[in-house]
Amino acid sequence: MSQINYDELSFDDEDELKFPRPTTQGFDDVVEKAISRRGFLGGALAFGSGAAVMGTGLLSGTSAQAQQTSRFAFTQLAPQTDGTVHVPEGYTWDILARWGDPLFSDAPAFDQATGIPTEGSDRVFGENTDGMELFLVGDKELLVVNSEYVNGGINLPAEQEGKPVSTDDVIRLQNFQGVTVMEVAETDAGWDVVVDSPYNRRIHHRTPMQIDGPAAGHDLMKTSADPTGATSLGTFNNCGSGRTPWGTYLTCEENFNGYFGTTEELSLEETTAAGFARYGVNTDVDAGRYNYHGFDARFDLSKEPNEPHRAGYIVEIDPADPTSTPVKRTALGRFKHENAASVVAPDGRVVVYMGDDERGEYMYKWVSRHVYTPGGDTSTLLTEGQLYVAKFNDDMTGTWIALTPEDTGMSEAEIAIFTRIAATQVSATTMDRPEWIAVNPTAIEAYCCLTNNSRRGATNDDGSLRTNAAGEPMTTNAPNPRELNKYGQILRWRPHNGDHAAATFEWDLYVMAGNPDVYSDGLYAGTANINAGNMFNSPDGMVIDSTGLIWIQTDGDDDNEGDFLGMGNNQMLAGDPVTGEIRRFLTGPNGSEVTGLTWSADRRTMFVGIQHPAAPFPDGEGTLPRSSIVTVKRADNALVG
């Protein structure tokens, strides 16, 4: 058997290699039936009649789009294919921070040949920037940024081909990931990181964490280093983010499974073996993406089989207190968290929406038991409450199903540790990689990016349809209607009675991405708010600003060929939820993902993340590509957007 280089695999490909998913998802079948019920089927799904506007029917709304004046304060940017950032005329961009830039004056200098040495690697801005939020603490602006993973081929000496060969290498990679808290300030020369600010902090794979909620202290959480099951080290694969109403940062652990491996053949308890299978923890000897297990026993499953149970959570961080211990909130479930979108319900309870970013997984909601009172006690709001999973119906309604011991046959701790298994027990709707969720601050509605499903339509060697890790076939359903979802779509729902804590909702699709230059049918050409000028694929990141505009960031195919002809590099677009109009605002360098978005306190500066560029960005030819945060401003210094 040929040796697999896991470092060269995308997270999706690694999941698919070990745990093939079904060809279609339950959500696709729901969408297909919903469209059929409304007369949009004519032998094939032939819709393309417009952007979905809630209340006017599925995938409709061109009249509303035509009758309203555009809200956008910029001219659409053309697609780009080069190695830098582009913004519309009348806007400027600059670099705020690159991987390896100093947070403290004693940090090592970045070397274009070797990067950053291990000594001091926890004193610099992290690698592969992702979700971010800005907090105003007094008169200080604190930017908190995730560093999702590492690019071993860049972060380690070239001759090592991306793999650590010593404990020193492992520590270096561990330090580059996690979360950066840093003070930023604007001067006449532009925005800069405030080096040596007392708020500056790196939180990485070795930072002490508190474990909170129903999983804390359970036998499945105990290790030799922590026999209490109440503390752990590190936060892993920090993808999207969120913020609480009380001013703390939520960082979301996504593809944590790739950090673990084994040096010996395993003999696992049945519960642990089932959990490893459901979460994609690789149990092959010496397989794995990072080879941590070769030098750090904590990641060796033959020595610490419970360690993976301590990753895959939402972690709460207080950016205003650099001495505070981050808390893993296990009540919010364990899965591949993309982000966490918080909102306060009319009765004061806190609602957190979450997606599990893997093909065939689910969308979740947390509702606190107690109410949020500004300035009051918040210690129980992410600990005591109820976790729900979404069920979509083809009549364009849906239900949040409570994950309770009675309905799942699992204890509260088991639901927290094996949330995916609990959701399968109640027949939740499988989805096409539910990624960022955003709540509209100007309307009682929320959105979720269903980024793609590159494996639907495939079969196993025996010709049978592929399934997810729970054995469920990936059939089409209402929110996921395409047999081969190359482009992705954005789902929208409105809770009943204007209450995000409500158990029921109505849903539609805001947009289905596509390519009208390649396809003439609505299913793959996209909805009517997609045209030759604003094409994109794989919506991933999403933030809705204070005016209600939806900012969509992409992480998809940027080869600009075949089905993706004319789309250019990954990009950020703005969408109007009322008219359905979508315009391209920013493009990233080739090979990069555009991810992470927030604004300065005065909303005159936009902070945007550029992750894993293939081009030598931002420093030009002969330099290492470095994930970065860029600032975007209007030339007239007006509000951005």
Side-chain angles (χ1 to χ4, degrees), residues 83-87 91-103 107 110 116 123-136 140-151 154 176-187 189-195 197 199-203 238-241 243 249 251 319 339 436 540-541 543 545 551 553-555 569-572 585-589 591-613 615-619 623-633 640:
T84 190
V85 168
H86 293 269
V87 293
Y91 290 78
T92 62
W93 71 273
D94 200 358
I95 295 293
L96 171 69
R98 314 162 178 80
W99 160 56
D101 281 353
L103 300 176
F110 189 88
I116 292 288
R123 309 286 283 173
V124 299
F125 182 65
E127 171 70 304
N128 279 321
T129 174
D130 208 299
M132 68 177 94
E133 303 284 345
L134 186 132
F135 297 85
L136 189 63
K140 308 296 185 184
E141 297 191 53
L142 307 183
L143 192 61
V144 189
V145 188
N146 288 345
S147 288
E148 185 178 8
Y149 66 103
V150 286
N151 298 314
I154 297 172
F176 287 153
Q177 300 170 76
V179 179
T180 298
V181 182
M182 59 188 185
E183 183 183 343
V184 295
E186 186 177 25
T187 67
W191 284 89
D192 282 308
V193 176
V194 179
V195 175
S197 166
Y199 294 104
N200 290 357
R201 182 183 186 188
R202 283 300 321 283
I203 298 166
N238 303 84
C239 189
S241 60
R243 61 190 305 137
Y249 182 74
T251 185
N339 82 313
W436 284 71
D540 186 328
V543 178
D545 69 23
W551 296 88
Q553 300 177 310
T554 71
D555 177 23
N569 293 346
N570 279 300
Q571 57 195 277
M572 184 167 72
F585 177 79
L586 175 149
T587 59
S592 72
E593 168 188 356
V594 180
T595 181
L597 170 64
T598 192
W599 285 263
S600 60
D602 63 8
R603 213 173 151 261
R604 298 179 190 277
T605 301
M606 175 185 281
F607 300 95
V608 183
I610 303 296
Q611 188 187 102
H612 61 71
F617 178 85
D619 300 318
T623 66
L624 288 174
R626 298 165 72 180
S627 296
S628 304
I629 295 175
V630 302
T631 59
V632 179
K633 294 181 67 70
V640 178

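Bear in mind the structure is a predicted one, so any value in this text is a computation, not a measurement.
Pro319 and Val144 make their closest contact through CB-CG2, 3.8 Å (heavy atoms, listed as atom of the first residue, atom of the second, distance). The two atoms that bring Ser627 and Asn128 nearest to each other are OG-OD1, 3.1 Å, heavy atoms only. Shortest non-hydrogen contact noted between Val193 and Ala97 is CG2-CB, 4.1 Å. Contact record, Ser147 with Phe176: CB-O, 3.5 Å, taken as the closest heavy-atom pair. Listed here is the closest heavy atom pair of Ser592 and Pro613: CB-CA, 3.7 Å. The shortest non-hydrogen separation linking Thr129 to Gly609 is CG2-CA, 4.1 Å.
Taken to the nearest 0.5 Å, the OG atom of Ser241 stands 9.5 Å off from the CG atom of Leu597. With values rounded to the nearest 0.5 angstrom, Asp619 atom CG is found 7.5 Å from Ile95 atom CD1. Put simply, CZ on Arg201 and OG1 on Thr180 are 11.5 Å apart, with the number rounded to the nearest 0.5 Å.
Phe585 is linked by a ring pair (Phe, Tyr, Trp, His ring centres under 6.0 Å) to Phe74, Tyr91, Trp551, counting only residues two or more places apart in sequence or in another chain. In this structure Phe125 satisfies the ring pair (Phe, Tyr, Trp, His ring centres under 6.0 Å) test with no other residue, sequence neighbours excluded. Looking at residues two or more places apart in sequence or on another chain, you find a side chain to side chain contact (heavy atoms under 4.5 Å, CB included) between Ile154 and Trp99, Asn151, Leu624, Pro625. Under the rule for a side chain to side chain contact (heavy atoms under 4.5 Å, CB included), the partners of Thr605 that lie at least two apart in sequence or sit in another chain are Glu186, Trp191, Ser600, Phe607, Thr631, Lys633. The salt bridge (Lys or Arg N to Asp or Glu O under 4.0 Å) test applied to Glu133 returns Arg243, not counting sequence neighbours. For His612, the side chain to side chain donor-acceptor pair (under 3.5 Å) criterion is met by no residue, not counting sequence neighbours. Listed by chain and number, the residues in a side chain to side chain donor-acceptor pair (under 3.5 Å) with Asn146 are Tyr249, Thr251 (sequence neighbours excluded). Residues meeting the side chain to side chain contact (heavy atoms under 4.5 Å, CB included) test with Pro616, sequence neighbours left out: Glu621, Thr623. Gln177 pairs by the side chain to side chain donor-acceptor pair (under 3.5 Å) definition with Tyr259, Tyr292, not counting sequence neighbours. Contacts of Arg604 classified as salt bridge (Lys or Arg N to Asp or Glu O under 4.0 Å), with partners at least two apart in sequence or in another chain: none. Partners of Arg123 by salt bridge (Lys or Arg N to Asp or Glu O under 4.0 Å), not counting sequence neighbours, listed by chain and number: Asp106. Listed by chain and number, the residues in a side chain to side chain donor-acceptor pair (under 3.5 Å) with Ser197 are Glu183 (sequence neighbours excluded).
Thr187 contributes a side-chain N or O that, together with a main-chain N or O of Ala189, makes up a donor-acceptor pair within less than 3.5 Å. A donor-acceptor contact shorter than 3.5 Å links the side chain of Asn200 to the backbone of Leu103.
Leu143 has its side chain within reach of Leu96: a pair of non-hydrogen atoms, C-beta onward, lies under 4.5 Å apart. The shortest side-chain heavy-atom distance between Asp540 and Gln553 does not fall under the 4.5 Å cut-off. A 4.5 Å side-chain heavy-atom check between Tyr149 and Cys239 finds every atom pair outside the cut-off. The shortest side-chain heavy-atom distance between Thr84 and His86 falls under the 4.5 Å cut-off. Side chains of Arg98 and Phe110 form no contact here, defined as non-hydrogen atoms less than 4.5 Å apart. Counting only heavy atoms from C-beta outward, the side chains of Met182 and Ile629 approach each other to under 4.5 Å. In this structure, Ile610 and Val85 have side chains that are in contact, with non-hydrogen atoms separated by less than 4.5 Å.
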Let's go through Trp599 and Val543 carefully: what are the C-alpha distance in whole Å and the side-chain angles of both, what is the deciding distance for side-chain contact (heavy atoms from CB on, under 4.5 Å) to 0.1 Å, and is it a yes or a no? CA-CA 11 Å; Trp599 285 263; Val543 178; 3.6 Å; yes
Might you work through the side-chain contact (heavy atoms from CB on, under 4.5 Å) test for Leu136 and Glu141, ending with a clear yes or no? CA-CA 5 Å; Leu136 189 63; Glu141 297 191 53; 3.8 Å; yes
Start with the C-alpha gap between Thr595 and Asp555, add the side-chain angles, then the distance that decides, and say whether side-chain contact (heavy atoms from CB on, under 4.5 Å) holds. CA-CA 8 Å; Thr595 181; Asp555 177 23; over 6 Å; no
